[in-house]
Structures are given as C-alpha cells and as structure tokens.
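Before any comments, here is the structure.
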Protein chains: 2
Amino acid sequence: MSTQSVVTAIRVLEAVSDNQPAGLSELSREVDVPKATVLRMLRTLAELGWVAQSEAQAGKWVLTNHAFAVASRGSSGSVIRDAAMGPLNALQLDTTETVHLAVPDRGYMLIIERLDTQHVLRAFLPLGSRLPMHASSTGMAYLSAADEVFVNEYLAGPLEALTPQTVVDPAVLRAMIVDTRARGYSINEQGLSTGITSIGVPLLGPGGVAAGSISISGPSSRIVPAKYQEYGEAAAGTALEISRALGAFSTKGY
Amino acid sequence: MSTQSVVTAIRVLEAVSDNQPAGLSELSREVDVPKATVLRMLRTLAELGWVAQSEAQAGKWVLTNHAFAVASRGSSGSVIRDAAMGPLNALQLDTTETVHLAVPDRGYMLIIERLDTQHVLRAFLPLGSRLPMHASSTGMAYLSAADEVFVNEYLAGPLEALTPQTVVDPAVLRAMIVDTRARGYSINEQGLSTGITSIGVPLLGPGGVAAGSISISGPSSRIVPAKYQEYGEAAAGTALEISRALGAFSTKGY
DNA sequence: CTTCGTCGGTTCACTGGATGAACCATTGGT
DNA sequence: ACCAATGGTTCATCCAGTGAACCGACGAAG
C-alpha cells in the first residue's frame, strides 16, 4: 500500500537473495519493475552496505555479510537461542547425536543453531537451511503445537516430497500430528533426506504459543526405533526446560 | 542521497535489530525521524514480513525470522560456506577441537558456521556472533591477509578491550599481524574471552583477496603453546584447500 | 563484417507518494 | 489531579520516486 519505494527495495533485496549473483535485467524482470528503478534501489542498498557488486563478475549483485549480521543479531530467534543453548548443550552431550534448533518462517523451519555429534558419520544442515514442515521432525513437532488454523492452512498448501519416504498426504500428516501430541515427540524417518532419521519436540513461548522446536538427528543406522523413546523423552525434557525459560508457563501471561 | 525513504526504512530496520524489543518513540529518537514516518516504515516492513509487533509486549517491535532467512540464504557467506564445510569437517575430526568459520562485516568478524568439539568442556560462540577483529584469532588472521588501507583504517579506530588480555595497542597489533603473516596463522590467548585460546588462518577468495577466516578454539588448558604449531599448520592446510575451491589462485583472474 | 538481441547503465519531465508538525487517547508516576 | 511520557493518527505541502526512452558495449548468428 504505502511507501511503495520501500516495498520495491525489499522485493529487490529478496530477489537478490534468491538469485545470488543476480544481473540488473534479471532482477528487473523478477520484481517486475523498470531497470532504472531497480538500479536505484541497488545503489541505495549498496550505500547502506546490504548489497554489493560481485568482484568476480562485474554487474552482478550479491548480498553482503552485513545483511546477515543485522538479521541474525536481532532475529526473534536470538531470544530463543539464548534460552536454548545451555539445555541443548546438555542434550547433545547426553545423546551424543546432532542437535538442531529451529524456528518457523512462512511454512518452513529455519535452522538457527546446531550442535554436532562427535561421530565421524554425520550430516550437515547448514545454518539458515529452510526445511518444509511436513518433511522434517522439527516441522512436525512445531505443527503439533501450532494452532489449528495454521495447521489447516499449511496442510491445504502444496506439499512437496523430498525423498520417496516423504509423507505428503494431508490425512496421514494429520494423524501423525495427533500421534506426536500424544507421544510428546515427532519422528521423521528419511522424509527429509535418505538415510537420516530425526526426533523433534516443540518449544513454547510466552502464552504457550508454539515458538520453534528442537531435534535430535543422525543416520538411520544409529537412530533406530529402539532408541526413539529414550531420545524423545530426553528431548522433551530439554524442550520443557527451554519453554519454561521462555516464559511459556509464567502466570504473568501475555 | 536518493531514495531516502528506503534509507529510512533500512535504518529503522537496523535500529530494531539493535534495540530488540524497540518502542516507537525510542526508534524515532534513534533514527532521528518523526514518529509518523517511523511508524509507516514499520507497518510497511511488517507487511513484508520483516518485523512484527511483539506478542509479549504490545507496541514493541521485533525482527521476524524471515529477515534472518532472507539474509542467510543469500549471504555471500553461503558461497564460502559451501566451499568450506567439507574441509572444515575434516579439520574438526583431526583436531577434535571446535572449529569456526568467520567472514568480515564492518570491522567485526561474523561467525557463520561452527563445528563442535566432543569435549565436555567447550565454549560457545553462537552463530551470528560478531567479534572485534583485534580481539579474535579469526579477525587477526583476516587482517593479516587484508590490504594495508583496510588495516590502517581499522587500527585507527577505537579498539575495545574485552578481557584484561585483549591487545589494544595498534603498534603491538601491527607487529602481531606481521608475525601472523610470517607464521601463517594467528594466535589469540584469552583476548576474546578469559580461558579461551584460538588459532586462526585467513581464507582467500577470487583474485586472492581476503574473504574470511577459520579458527580452532578451545579452553586455554587444552590449546597450549606446544600445540600451536600443529594446529596452526593443520588449519593452514585446510584454509589453503578452501581458498583454492574459492578460486583464489585460478588463472581466470579476477 | 553486419545485424540483431541482450546486457548494464543513464537521462529527465511528470506527478503521486512520502513527509512531518500538530494532533489525540492512554498509561504510569508523584 | 497533574505531568510527561507512551503508541498512534491526520492531512496539506512538495519533492523524491517513477519509468519510457535512450546510450554504448558485448556476443551470437547470418
């Protein structure tokens, strides 16, 4: 509506982010705004240190680290991170498996922290990875704590299969969410990546609303069904601790 | 100069980032722009999903995770990350200590990846942390590979001491940079955090320009002088591999 | 070698979107 | 009851943002 130049600028910024080394005409097409305007936006954003011309390829634009710095410093995730790091550390040491901390972003789960296993066989989810909710244990855990409206909306949308094992049937997913609620933790067997299994538990923020989730992941050869309960309960205990720190159960309410 | 509304919007965004749950008047003062304008910016940014009103405290504004997602997805760091993860993984397994990947941002080093040690005694630098260059091994390593102009500029600025051991004398720092160049790695003994020692090596990008750095860190009780050389050389080897992957030495030139 | 299509980047007259002083309603401290 | 903050609204003024048309350069195709 208002401040359309700002809207354009941000859309340009996001377009740059999506198309990494992006050319002017390319961006102009993407955002559907005249080149002159796009260029002005890029110049302005460059002055502010958010984008820069790629040194490798003249004329191509890239995001700078500054954008990342600003976003990560202030992200609402940082509150969660502060509350979570201690307990997560303990959980990682207990289970010896990789532990993730994720927060929701528009239907995806965003990995904002990771504590690694000491095992040689280990998988990586780079910081900033976006995982579809239905294909990850963190996502399903989050959905199990999210309000019905959000869940319905999400399940109504297109659900991509990342592996042959990814569950994309809304009815089945709904049943899995119910199971997750009853059990206290979600289980994802190779739905995100072949050979990887993970266990997720939701985190609650102030007022008891879903704020994110944590997970324990590892190769399916190590994270076997016999361990699900042990890991699930360990993660649930950790999540409870974090949620409490976030003020999920404080009488102060919201 | 131009597109001042965009400038204002971004400045508001950064102000929100810096003051976490920030109030309207507070931001107005910070950015030195009338409340009405700030509010319009906030509303626009909210429409775009970059900021939101805190649920906990009405009227307070916070960054959303979406900002983080956009920035981290497109960050120029992602190119480095892709090139670095493999070699870093090997380095972590070799040394068994915590390994960091950092990129520069306006005089700070930004931690964009971390691979954890398996030791119980371990320190955390949350992902997204900003470390002053002169107080970190990653920073000094970066400076050792950066061009003179940048180094002079940085050393001319205010240099904060984070611990009693932090070196803040420009002349001493300059000597340390020379040493780092000769040695191939930087050493930081408790200059960032008491009890933590770390070894850093710069990464070079296309054209041989400094692009970031990696480090090995751990408690000073484990990272003792006797190990400096071993770790330093291991890190240097890893850095060389990453720099090569980044095209630092490709004949293709800049 | 010429032509064509694309690229990144520039120019400039027009106008509608952005601006900010002054305003209101609430809240909390004394 | 008062005062000084807060978050949020209004609206006349005007200048910043817009975008069609332009340029020179490059690469592929004829």
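Keep in mind the model is a prediction, meaning the values are calculated, not measured. Quick note on labels: first sequence line is chain A, next is B, and so on, each numbered from 1. Just the heavy atoms: all of them, side chains too, but no hydrogens, waters or symmetry mates, feed the values below.
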*Does the C:dG9 base have a donor-acceptor partner in the side chain of A:K35 within less than 3.5 Å?*
yes
Of the candidate nucleotides [options], which contains the atom at the shortest distance from the side chain of [X]?
| X | options | value |
| --- | --- | --- |
| B:S25 | D:dT6, C:dT11, D:dG17 | D:dT6 |
| B:T37 | C:dG8, C:dG20, C:dA18 | C:dG20 |
| B:A36 | C:dT10, C:dA21, C:dT19 | C:dA21 |
| A:L39 | D:dG8, C:dT19, C:dG9 | C:dG9 |
| A:R29 | D:dG17, D:dG19, C:dC7 | C:dC7 |
| B:S5 | C:dG8, C:dT19, D:dT9 | C:dT19 |
| B:Q53 | D:dG8, D:dT10, C:dG9 | D:dG8 |

Using atom [atom1] of [X] as one end and atom [atom2] of [N] as the other, report the distance to the nearest whole Å.
| X | N | atom1 | atom2 | value |
| --- | --- | --- | --- | --- |
| A:E26 | C:dG5 | CD | P | 21 Å |
| B:L27 | D:dA5 | CG | P | 18 Å |
| A:R11 | D:dT18 | CZ | P | 12 Å |
| B:E30 | D:dG7 | CD | P | 13 Å |
| B:Q4 | C:dG20 | CD | P | 7 Å |
| B:R40 | C:dG16 | CZ | P | 18 Å |
| A:M41 | C:dG17 | CE | P | 13 Å |
| A:D32 | D:dT18 | CG | C1' | 14 Å |

*Can you say whether the rings of A:Y142 and A:F150 are parallel (under 30°), tilted (30 to 60°) or perpendicular (over 60°)?*
perpendicular
*asked:* Is the ring pair B:W50/B:H66 parallel, tilted or perpendicular, if the boundaries are 30 and 60 degrees?
replied: perpendicular
*Between A:E113 and B:R114, is the closest basic N to carboxylate O distance under 4.0 Å?*
yes
*Is it true that B:E30 and B:R11 make a salt bridge, defined as a side-chain N closer than 4.0 Å to a carboxylate O?*
no
_CA sep, side-chain torsions, deciding dist, call: A:S5, A:M41, side chain to side chain contact (heavy atoms under 4.5 Å, CB included)_ = CA-CA 8 Å; A:S5 76; A:M41 294 309 174; 4.0 Å; yes
*asked:* Taking 4.0 Å as the cut-off, does a side-chain nitrogen or oxygen of B:R43 come that near to OP1 or OP2 on C:dA18?
replied: no
